[in-house]
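Read the structure below first, then the notes.
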Amino acid sequence: QVQLVESGGGLVQAGGSLRLSCAASRSIFSVNAMGWFRQAPGKQRELVASISTGGSTNYSDSVKGRFTISRDRAKNMVYLQMNSLKPEDTAAYYCNVASLKIATMRDYWGQGTQVTVSS
C-alpha cells in the first residue's frame with residue numbers, strides 16, 4: 001500500500017503564496033505521473049497540475065502561470081508552489097497519480113490539505 005500525506009495548506013490573502021508538499025510512503029514516481037488535485041465543496045475533484053515520469057509538466061488553464069509542480073524522487077516528495085493565489089483557488093488539495101481514474105481505483109487518497117484564500 002502507498003500512503004500519501006499532504007501538508008502546507010493554510011489561510012492566505014489573495015495574491016499570496018503557499019507551498020504544498022506531498023510525502024509518499026514509497027517511491028511510485030518511476031512508473032507513474034504524479035499530480036495535484038483539488039476539490040471545493042460541492043464540486044468534483046479536478047487535476048490542476050501534473051508531472052510525468054520524464055519531468056514534463058502540465059497545468060489546468062485556471063492555474064497556468066501561477067502554480068508550479070515539482071518532485072524529489074530521492075525523498076519521495078511532490079511539491080506544488082502556488083503563487084498569486086485567488087479566492088477561487090480555495091479547496092482541499094490532494095496529491096496522487098495523475099490519472100484520476102487510476103487514483104480512484106487504487107483509492108489511496110490522503111487526507112488532503114486545505115487552502116483558503118481570502119479576498
Side-chain angles (χ1 to χ4, degrees):
Q1 286 275 66
V2 174
Q3 186 177 26
L4 299 166
V5 180
E6 300 91 348
S7 62
L11 176 65
V12 65
Q13 292 181 310
S17 298
L18 286 172
R19 183 173 184 255
L20 307 184
S21 298
C22 170
S25 58
R26 66 175 180 86
S27 179
I28 58 174
F29 303 154
S30 63
V31 295
N32 292 111
M34 300 298 295
W36 282 94
F37 299 80
R38 69 184 182 189
Q39 187 169 30
K43 300 194 69 176
Q44 294 190 39
R45 194 165 298 182
E46 63 169 338
L47 180 69
V48 297
S50 65
I51 183 165
S52 74
T53 56
S56 299
T57 58
N58 284 284
Y59 303 92
S60 68
D61 290 341
S62 62
V63 309
K64 190 174 296 182
R66 300 187 297 118
F67 292 8
T68 303
I69 187 171
S70 61
R71 69 185 176 200
D72 186 332
R73 283 187 163 116
K75 296 180 179 179
N76 296 333
M77 298 286 289
V78 185
Y79 306 96
L80 186 67
Q81 179 65 46
M82 310 166 68
N83 298 326
S84 302
L85 284 162
K86 304 175 180 180
E88 51 263 46
D89 295 319
T90 296
Y93 284 73
Y94 304 83
C95 66
N96 214 314
V97 295
S99 168
L100 181 59
K101 181 186 73 174
I102 294 173
T104 301
M105 288 191 299
R106 292 178 177 176
D107 194 26
Y108 46 56
W109 297 100
Q111 295 299 307
T113 185
Q114 179 67 38
V115 172
T116 302
V117 184
S118 63
S119 301

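Sequential numbering from 1 along the given sequence is applied to the chain's residues.
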#### Entry: Contacts of Asp61 that satisfy salt bridge (Lys or Arg N to Asp or Glu O under 4.0 Å) - sequence neighbours left out
Lys64
### Message
Tell me whether Val5 shares a hydrophobic cluster with Val97, the cluster being built from Ile, Leu, Val, Met, Phe, Trp, Tyr side chains joined at under 4.5 Å.
### Response
no
### Query
What distance do Cys22 atom SG and Leu4 atom CG have between them, rounded to the nearest 0.5 Å?
5.0 Å
### Task
Quick one: closest heavy-atom pair of Ala91 and Gln114, and the distance?
O-NE2, 3.4 Å
### Query
Just by distance, do the side chain of Thr53 and the backbone of Val31 share a donor-acceptor pair under 3.5 Å?
no
### Query
Are Trp36 and Tyr94 co-members of a hydrophobic cluster defined by side-chain heavy atoms under 4.5 Å apart?
no
### Query
What about Val2 and Met105, same hydrophobic cluster or not, with Ile/Leu/Val/Met/Phe/Trp/Tyr joined at side-chain heavy-atom distances under 4.5 Å?
yes
### Query
Any side-chain heavy atom of Leu100 sitting closer than 4.5 Å to one from Leu47?
no
### Query
Are any of the side-chain heavy atoms of Leu85 and Phe67 separated by less than 4.5 Å?
yes
### Summary
Apart from Met77 itself, members of its ILVMFWY cluster (side-chain separation under 4.5 Å) are Tyr79
### Summary
To the nearest 0.5 Å, atom OG1 of Thr68 lies from atom CZ of Arg19 at 11.0 Å
### Tyr59 side chain to Ile69 backbone, donor-acceptor under 3.5 Å
yes
#### Entry: Polar side-chain atom of Arg26 near backbone of Asn76 as donor-acceptor pair, under 3.5 Å
no
### Task
Over all heavy atoms of both residues, which pair between Pro87 and Ser119 is shortest? Give the atoms and the distance, please.
CG-OG, 3.7 Å
### Task
Among residues two or more places apart or on two chains, list those pairs meeting disulfide (SG to SG under 2.5 Å) that have a residue in residues 38-93.
none
Validation: residues 6-14 side-chain donor-acceptor distances under 3.5 Å, sequence neighbours left out:
unit_1 : atom_1 : unit_2 : atom_2 : d
Glu6   : OE1    : Gly112 : N      : 3.0
Glu6   : OE2    : Cys95  : N      : 3.0

### Query
Heavy-atom distance under 4.5 Å between the side chains of Gln44 and Glu46, does that happen here?
no
### Message
Main chain of Met34, side chain of Asn32: is a donor-acceptor contact present, judged purely on distance under 3.5 Å?
### Response
no
### Residue from Leu80, Val115, Asn83, Val117 passing side-chain contact (heavy atoms from CB on, under 4.5 Å) with Leu18
Val115
### Query
For residues 85-99, which residue pairs qualify under salt bridge (Lys or Arg N to Asp or Glu O under 4.0 Å), counting only residues two or more places apart or in two chains?
Arg38-Asp89, Arg66-Asp89
### Message
Once ring-ring contact (aromatic ring centres under 6.0 Å, His included) is applied, do any residues pair with Phe37, and if so which ones, sequence neighbours excluded?
### Response
Trp109
